[in-house]
Amino acid sequence: MTAGGVLPKRAPMTKAAARDAVAMMLTRLALAFGPGTVADYAGCSGRTVADARAGKTLPELHSVINLLVLDPSALDELLAPMGFRLVQIDQAGSAYPQMLASLADVTATTAGALADGRVDHREEAQIMARLRQMLPDLNAAVARHDAKRVAG
């Protein structure tokens, strides 16, 4: 997010940008867990991880996704430029206090913006930025509820 809290307009990610984001992700994970552990969890060779960290190659999709088992934040570098982050579905239930606080914050921000009788562009951008930050948690809570409804 930018300093003002508004995301820039999303554009399709290029292959080069994806390769750079995956290289940053793999480097962070390799520093935290070791390159061999990263390769093991990705289900690929150490050479594949080294080449991807150097920006020479882009690993297969399943190898990148497998890294979520190692670190739930593994895809942050790849998704952040698109304005997204992942939230585990099974964590949605524990997110209620944070969701309630976030909803209260959005309500207060909106009420403050309406104090003069209208919401200007800057105020609307602040409200939308707060809502956008909440979307992963809200989507996870809904998905968890839907999964329980289907199962039960």
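Just so we're clear, the structure is a prediction, and the values are computed from it rather than from any experiment.
Residues forming a side chain to side chain contact (heavy atoms under 4.5 Å, CB included) with Ala104 (at least two apart in sequence, or on another chain): none. Residues satisfying the side chain to side chain contact (heavy atoms under 4.5 Å, CB included) criterion with Asp40, sequence neighbours excluded, are absent altogether. In terms of the side chain to side chain contact (heavy atoms under 4.5 Å, CB included) criterion, residue partners of Leu79 (sequence neighbours excluded) are, by chain and number, Leu75, Phe84, Leu86. Contacts of Ser73 classified as side chain to side chain contact (heavy atoms under 4.5 Å, CB included), with partners at least two apart in sequence or in another chain: Arg28, Asp71, Asp76. Remark: Ser102 pairs with Gln98 by the side chain to side chain donor-acceptor pair (under 3.5 Å) rule, at least two apart or across chains. Evaluation of the side chain to side chain donor-acceptor pair (under 3.5 Å) rule for Thr107 yields no partner, not counting sequence neighbours.
Transitive grouping of hydrophobic side chains (ILVMFWY, heavy atoms separated by less than 4.5 Å) keeps Leu100 and Leu135 in distinct clusters. Connection of Leu70 to Met24 is not established within any shared hydrophobic cluster, with ILVMFWY side chains joined at heavy-atom distances below 4.5 Å, either directly or through further cluster members. In terms of hydrophobic clustering, with Ile, Leu, Val, Met, Phe, Trp and Tyr side chains grouped at heavy-atom distances under 4.5 Å, Leu68 and Phe33 are assigned to a common cluster. Grouping the Ile, Leu, Val, Met, Phe, Trp and Tyr side chains by contacts below 4.5 angstrom, directly or via other members, places Leu61 with Val69.
With values rounded to the nearest 0.5 angstrom, Leu138 atom CG is found 8.5 Å from Leu131 atom CG.
Remark: of the listed residues Ile65, Val64, Val49, Val64 is the sole one forming a side chain to side chain contact (heavy atoms under 4.5 Å, CB included) with Pro59.
Side-chain atoms of Arg19 never come within 3.5 Å of backbone atoms of Leu58 as a donor-acceptor pair (strictly under, hydrogens ignored). A donor-acceptor pair under 3.5 Å links the side-chain atoms of Asn66 to the main chain of His62, judged by distance alone.
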Problem set entry | side chain to side chain contact (heavy atoms under 4.5 Å, CB included) assessment of Glu60 paired with Thr48 | CA-CA 10 Å; Glu60 292 186 46; Thr48 299; over 6 Å; no
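Proximity of Leu103 to Met134: side-chain heavy atoms (C-beta onward) are separated by under 4.5 Å at one or more points.
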